[in-house]
Each structure stands twice: as C-alpha cells, then as structure tokens.
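Step one of this worksheet: look at the structure below.
Only this structure's heavy atoms are used, side chains among them; waters, hydrogens and symmetry mates stay out. Sequence lines set the chain letters: A, B, ... in the order given, protein chains first and strands last, and positions in each chain run from 1.
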Protein chains: 2
Amino acid sequence: MPRPPKYSSEQILDAVIHVLRRSPVSALSIAMVADVIGAPSGSIYHRFPSRDSLVASAWLRSGEGFHSHLAASLAAPDPRHGALGAAAYTLDWARRRPGEAAFFLLNSRSEVTGSEWPTELARRATRLGNDITDTVRTFARRLPGVSVARARFALLDVPQAAVRRAVSTGSALDAEVQQLVEDTVTSLLAQAEPVTRMAS
Amino acid sequence: MPRPPKYSSEQILDAVIHVLRRSPVSALSIAMVADVIGAPSGSIYHRFPSRDSLVASAWLRSGEGFHSHLAASLAAPDPRHGALGAAAYTLDWARRRPGEAAFFLLNSRSEVTGSEWPTELARRATRLGNDITDTVRTFARRLPGVSVARARFALLDVPQAAVRRAVSTGSALDAEVQQLVEDTVTSLLAQAEPVTRMAS
DNA sequence: ACCGTTATAGAGACGGATCTCGCTTTGAGA
DNA sequence: TCTCAAAGCGAGATCCGTCTCTATAACGGT
C-alpha cells in the first residue's frame, strides 16, 4: 500500500561516497549529495535524521565492508601469508574504491562528525572498533612473539600509510608502493622474539 | 608612533594550535581562537584576512618548523643513523606538541581549507613540499639502492602512521611504538638491493 | 473508485560563523 | 600637549548550510 521508494538508503550513501571523492568531509553538504542523485534535500532527510547521521552511516558502511574482507584475507592457513594478503587487500580496496579509502582510512571516528554520534550509530562504531581489535588479536595469537600492537601496526597502520600518501598526492598505488608495504609487513612479522623487554 | 601591537601573529597562531588540540580543523572558529587570548574577533582579522589564511598560516608554520628539524636530524654522518634520528624526532615532536602533530601530520594541504589557498601562502606551501622532497631525495642518494619513494616511506609515512594511531586513539607514543617504528625504518633501509624485481 | 500509508517535493525558517566597518585607544615624537 | 599612524574593538550585515513543515504523489488493497 505504501508508495515505493525512489531513493534507497544505499543509493544515498553511494552518493555521499561519490561526493567525498572530490571534497573533504567537512565540505560535504546535503545539497551536494542530493544533487548527485537528482533529489531535493528534503528526500535525504526522509532517510537520515541529520547530516551527522548520514555521514556516520556512510563511514560505518565502508568500515564494516572493509573489515569483513580484511578478516577473510587474514584467515589464510599460513598467518604470514594471510598478513600479506590483508595488506594487499587494503591497497586493492583503495584502488577500487578511492572515495571510500579517502574517507574511511583517512578519517578516524572522531574526525567524521563535529559533535557526538547518534546513539545507535555510536554503538555500531564501537562494535566495529572491537571487531577490528579482535581480528588483530586473534591474528597475533597465531604468531608467537608478535604483540597485538605490532600486529596492528603491520596489518593496519602501514598499509594505510601507503594509501594515505597516494590519496593525498593523487598518485597511484603502484607496484613499488605495494612492494614497500609487503617488505615492511614481512619484516615486522619476521622475528619470533621472546617478548623482548627494553629500557626506556 | 604607532600603537604597539597587543596580539602578535605568533600569539594568534599559538592560539590556533591550542584550539586544534581539542577540536578538528573543521570545527575551529575565529571566535574560539579569539577566546583563547581574550581578544575580540575583529582583532584576529586585523592580522589575517580570512579564516583560511589563518589556518593555512598555522599549518605552514608547523610544517616549516617540523621540516627544518627533520632535515637537521638527517644530516648525521651515517645515513642510517640519521634516518633513525629523523624517525625518533618525528615521534618526539608529536609528544611535545600534540596539537601541531594532530594538525600538520594528519591533515594534508588540501584538507586544511575548504577552498583554494591565498596565493602567497600557496607559494609557501609549494616550497615546503619541494623542500621536503629535496631533503628526502638528498638522503636517498646517500644510500645506493634506496629509491626516493622508499626513503619517503621510511622517513615520513611510517613514523607518521605511528603518530596518527596515537593521536586518534588518544594513547601514548610509548617505547613499544618507538621500537616498531625503528624496526621498520631499519629494515626498509637495510637492503642495498639492485632494484630487485620479484614475482607477485 | 477510494482509502490509508509511505514517499517525494521544495520553499523557507533558523542558527551559526565569517567578515565589515566606523569608532576608539594607545603611544612616540614634535 | 597635540598629532598622527597603527591597533584594538565589537555590533551586526551577510552568507550558507541544516533542518522543518506542509502539500502532493504513488501504490496495494478493499
């Protein structure tokens, strides 16, 4: 009995990503998003109660997608192989979806919105954060001697650093960059050292 | 004969950094900056023609300071030693000046302002970019087999990735993180390989 | 055909931030 | 003490984006 939707939430979130490919989050306005799909601004507010909620939803959708595939890559039988796969996956994701990469990988949760997140979305964000931490922790356990911090650095921070540079200079994530990331990940996970303790 | 300044440009830029310690660039308003030094908003505009110009100036001042010390660290007789020093310097700079670190290291030039930069400042920014590239290039030449891209990744991207994580999670740049960065830098610059090409 | 339900539509109220502008203050030299 | 150049001051004009609100459209069922 209801009138069928003309603009789905997914479609709107896609438009957000499209806009973010060209401009930073802070510059994104509802009007820009509406323009992309040829809708008036009111139609956006029909799905998302506020700008913050819209932006946060897009960020979460990207993050959740990114994480699920990342976890899949890591599940390879050989952990080191999995780590390289995960790093490669991050670069590949960034190549395929530059908008989402520039958005999710470069903006931390707190940078996305001005004020606090709507409760429900904040919950999802916390869950995503925990899920990622769990994924890393589980991985780290498979490589004795590799701390959680080290695993996180190798699996997330290093590949993201490469993406970050490419995005901000507009250059490509070419074979050389990929090589650098792989070298780094390999060497970070190479040692099976005895939880070294080191002076300050 | 003129009335002596009550608020210097430096003082205002310091206030900007102070504000940025707590809030993202996009949230910074002239009123906040003015509040920090107890000035009315008009006095800010007496020194800086626009918000963009103010923010860009602060970014440049931080960047130029960061770069000059970085270059100094790199100048050590042994290049590898210099690289470790540079990485350590980045972390140390971030510890000492969290506001500037969060601002300069986490926001690329294009993320700082909405529109285009004022001409004069754009020139300074370009120069800074070139200077940094030159510094890296000069360094790379001292280590045969290390490409400019590799040097940049080791000297800039990797330490910045560490800073980024610490800033965004609010955690400290502790000894473990420092160790991770040093390990990574060392291994990236270790090989004197013949521009190896290796299968995927 | 009509009804109920859910969507779209878009004009404009509202709020907040930037920037302007004329007036005031200050201090050194004449 | 008077003058003048440079700074400070701050009320509010202006702009821009978010969000509201009322009207209208589309569809399935009865």
Side-chain angles (χ1 to χ4, degrees), chain A residues 1-16 18-20 22-59 103 107 111-121, chain B residues 1-16 18-20 22-59 103 107 111-121:
Chain A
M1 46 293 279
R3 173 178 180 175
K6 190 166 166 187
Y7 313 106
S8 68
S9 297
E10 293 301 301
Q11 202 180 344
I12 294 173
L13 293 180
D14 288 345
V16 169
H18 183 88
V19 169
L20 289 174
R22 302 249 157 228
S23 41
V25 205
S26 55
L28 175 142
S29 76
I30 302 291
M32 291 178 189
V33 175
D35 266 1
V36 171
I37 55 178
S41 67
S43 297
I44 308 291
Y45 282 95
H46 187 70
R47 306 269 175 203
F48 299 92
S50 69
R51 191 198 111 112
D52 277 1
S53 144
L54 170 64
V55 173
S57 297
W59 190 87
F103 182 38
N107 293 93
E111 288 164 324
V112 168
T113 64
S115 53
E116 234 20 70
W117 284 32
T119 339
E120 180 49 37
L121 295 175
Chain B
M1 46 291 283
R3 174 178 179 174
K6 190 167 168 188
Y7 313 105
S8 67
S9 296
E10 292 301 300
Q11 202 180 346
I12 294 173
L13 293 180
D14 288 345
V16 169
H18 183 89
V19 169
L20 289 174
R22 302 248 158 230
S23 41
V25 206
S26 55
L28 176 143
S29 76
I30 302 291
M32 290 178 188
V33 174
D35 267 2
V36 171
I37 54 178
S41 67
S43 296
I44 307 291
Y45 282 94
H46 187 70
R47 304 269 176 204
F48 299 91
S50 69
R51 191 198 111 113
D52 277 1
S53 144
L54 171 64
V55 173
S57 297
W59 189 87
F103 182 37
N107 294 93
E111 288 163 326
V112 168
T113 64
S115 53
E116 235 16 71
W117 283 33
T119 338
E120 181 49 39
L121 295 175

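The separation between A:F48 atom CZ and C:dA7 atom C1' is 15 Å, rounded to whole Å. Counting to the nearest Å, the C1' atom of C:dT6 and the OH atom of A:Y7 are 15 Å from each other. C:dT5 atom C1' lies 11 Å from atom NE2 of A:H46, rounded to whole Å. In this entry the distance linking CD1 of B:I37 with P of D:dG10 reads 13 Å, nearest Å.
B:W117 places a side-chain heavy atom less than 4.5 Å from the side chain of B:V112. In this structure, the side chains of B:F48 and B:I30 stay at 4.5 Å or more apart for every pair of heavy atoms. The side-chain heavy atoms of A:V25 and A:W59, taken from C-beta on, include no pair separated by under 4.5 Å.
Partners of B:S43 according to the side-chain contact (heavy atoms from CB on, under 4.5 Å) rule, which considers only residues two or more places apart in sequence or in another chain, are B:Y7, B:A39, B:P40.
Taking all atoms of both residues into account, the shortest heavy-atom contact from A:L54 to A:I12 is CD1-CG2, 3.8 Å.
Judged as a side-chain hydrogen bond (donor to acceptor under 3.5 Å, both in side chains), the pairs with a partner in residues 45-54 of chain A (not counting sequence neighbours) are, in order, A:D52-A:S115.
Between A:K6 and the phosphate of C:dT6, there is no side-chain N or O to OP1/OP2 separation shorter than 4.0 Å.
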Generate the contact string for nucleotides 16-28 of chain D. Rules: B means base contact, S means sugar-phosphate contact only, - means no protein heavy atom under 4.0 Å. -SSBB----BBBB
